[in-house]
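Quick caveat, the model's predicted, so the values are computed rather than measured. Order of appearance sets the numbers: ligands from 1, and atoms from 1 within every ligand. FYI, the numbering just counts along the sequence from 1.
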Amino acid sequence: QEARAAELERTFIAIKPDGVQRGLVSEILSRFERKGFKLVAIKLVVPSKEFAQKHYHDLKDRPFFNGLCDFLSSGPVLAMVWEGEGVIKYGRKLIGATDPQKSEPGTIRGDLAVVVGRNIIHGSDGPETAKAEIALWFEPRDLVSYTSNEEKWIY
Ligand code: RTP
């Protein structure tokens with residue numbers, strides 16, 4: 001079990017200000033929990049605009065960059081790290097396509113959002129971004145290692 005725990009991947013997930021303001025936190029958390037992923041870090045923060053620009057630095061040349069950073073820093077964001085086999089890719093699947101008009105029903109954005117600028121949630125898009133985003137939002141000591149009782153029934 002220890003050997004497997006070392007292999008379990010982690011991803012950064014954030015509920016954006018629209019998701020928090022709309023009271024969708026518990027709905028979204030429960031989807032990740034029920035799937036069998038494990039929460040290893042969580043905090044509610046209002047990021048500064050500079051911090052939002054760091055988080056979205058890959059998009060700095062896009063026309064919507066400024067508005068996107070204003071939006072991310074406009075209110076509380078629920079920042080989280082989730083752990084589990086395949087969590088980076090499958091987390092994106094739970095979230096659904098970037099544009100909620102194209103997200104499948106059953107996904108978080110498909111069920112709960114309407115437009116791309118208010119798509120309620122962010123998830124790392126690969127192992128490198130996951131590592132970088134976790135390091136940007138959390139200190140190593142914020143990441144909690146523990147064994148949940150359910151694990152032996154999930155793996
Ligand atoms: P995220 O990083 O938030 O999970 O979204 P993503 O990878 O699915 O999409 P990405 O292309 O990285 O875009 C990041 C966020 O920028 C906003 N966006 N607005 N045309 C627009 O106005 C537009 N396009 C993208 C969205 O909030 C998207 O999640």
Side-chain angles (χ1 to χ4, degrees), residues 7-140 142-145 148 154:
E7 287 163 28
L8 282 183
E9 67 183 43
R10 289 174 168 181
T11 193
F12 174 72
I13 302 289
I15 303 180
K16 299 181 191 179
D18 50 345
V20 175
Q21 296 288 352
R22 290 177 54 202
L24 297 174
V25 163
S26 60
E27 165 75 36
I28 293 169
L29 291 187
S30 71
R31 291 184 183 214
F32 279 84
E33 277 189 328
R34 281 166 15 209
K35 170 69 178 169
F37 294 139
K38 185 163 79 176
L39 185 63
V40 298
I42 186 165
K43 67 176 172 188
L44 191 66
V45 282
V46 181
S48 66
K49 182 152 183 198
E50 292 68 35
F51 190 91
Q53 288 165 338
K54 268 189 208 161
H55 172 77
Y56 278 129
H57 69 274
D58 279 351
L59 301 172
K60 64 178 182 306
D61 298 326
R62 308 294 287 275
F64 55 82
F65 178 69
N66 192 50
L68 179 61
C69 294
D70 276 339
F71 174 61
L72 194 73
S73 56
S74 69
V77 170
L78 193 73
M80 298 172 276
V81 178
W82 286 87
E83 183 183 275
E85 222 169 281
V87 71
I88 299 173
K89 213 167 179 184
Y90 207 89
R92 300 272 295 180
K93 226 168 174 167
L94 288 178
I95 289 170
T98 305
D99 180 354
Q101 296 287 341
K102 298 184 180 132
S103 326
E104 295 297 328
T107 65
I108 292 166
R109 287 168 174 160
D111 289 347
L112 306 170
V114 182
V115 298
V116 70
R118 296 291 181 270
N119 63 3
I120 67 175
I121 183 165
H122 164 84
S124 306
D125 61 10
E128 295 313 311
T129 17
K131 214 167 257 167
E133 290 172 354
I134 291 169
L136 176 67
W137 288 79
F138 290 98
E139 302 289 338
D142 296 334
L143 308 177
V144 183
S145 289
S148 79
I154 293 169

Give me the nearest non-hydrogen protein atom to [atom] as residue plus atom name, then the distance to 0.1 Å.
atom: atom 28 (C) of ligand 1; answer: Asn119 ND2, 3.6 Å
atom: atom 26 (C) of ligand 1; answer: Val116 O, 3.3 Å
atom: atom 5 (O) of ligand 1; answer: Arg109 NH2, 3.6 Å
atom: atom 14 (C) of ligand 1; answer: Leu59 CD1, 3.5 Å
atom: atom 15 (C) of ligand 1; answer: Leu68 CD2, 3.9 Å

Next item on the list: Work out whether the distance between some heavy atom of Gly123 and some atom of ligand 1 is less than 4.0 Å.
Entry: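 The answer is yes: ligand 1 sits under 4.0 Å from a heavy atom of Gly123.
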Margin query: Other residues, nucleotides and ligands only: do more than 12 of their heavy atoms fall within 6.0 Å of NZ on Lys102?
Written below: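 Not more than 12 within 6.0 Å, no.
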Check: Is there a donor-acceptor pair closer than 3.5 Å between any side-chain N or O of Asp111 and the backbone N or O of Ile108?
Finding: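 The answer is no, because no donor-acceptor pair under 3.5 Å joins these two groups.
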Minimum non-hydrogen distance to [atom], winning option of [options]:
atom: atom 19 (N) of ligand 1; options: Phe65, Phe12, Tyr56, Phe64; answer: Phe64
atom: atom 8 (O) of ligand 1; options: Thr98, Thr129, Ile95, Asp125; answer: Thr98
atom: atom 3 (O) of ligand 1; options: Arg92, Arg118, His122, Glu133; answer: His122

Note to self: Test: side-chain hydrogen bond (donor to acceptor under 3.5 Å, both in side chains). Region: residues 13-26. Which pairs qualify, not counting sequence neighbours?
What the structure shows: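 Pairs touching residues 13-26 that pass the test: Lys16-Tyr56, Lys16-Asn119.
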Notebook entry, point to check: Could Arg92 and Asp125 be called an ion pair, given the rule that one side-chain N must be under 4.0 Å from one carboxylate O?
Noted result: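 Here Arg92 does not pair with Asp125 in a salt bridge, since their nearest N and O are not under 4.0 Å apart.
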Note to self: Please determine whether a side-chain nitrogen of the Lys or Arg among Lys54 and Glu50 lies less than 4.0 Å from a carboxylate oxygen of the Asp or Glu.
What the structure shows: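 No, Lys54 and Glu50 are not salt-bridged.
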Check: How does Lys16 reach ligand 1, by side chain, by backbone, by both or by neither, if only non-hydrogen atoms under 4.0 Å count?
Finding: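 For Lys16, only side-chain atoms sit under 4.0 Å from ligand 1.
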Next item on the list: Could you tell me how the ring of His122 sits relative to the ring of His55: parallel (under 30°), tilted (30 to 60°) or perpendicular (over 60°)?
Entry: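 Answer is perpendicular, since the angle exceeds 60°.
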Item checked: Any donor-acceptor N or O pair under 3.5 Å, side chains Asn66, Lys60 ->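 Side chains of Asn66 and Lys60: no pair found under 3.5 Å.
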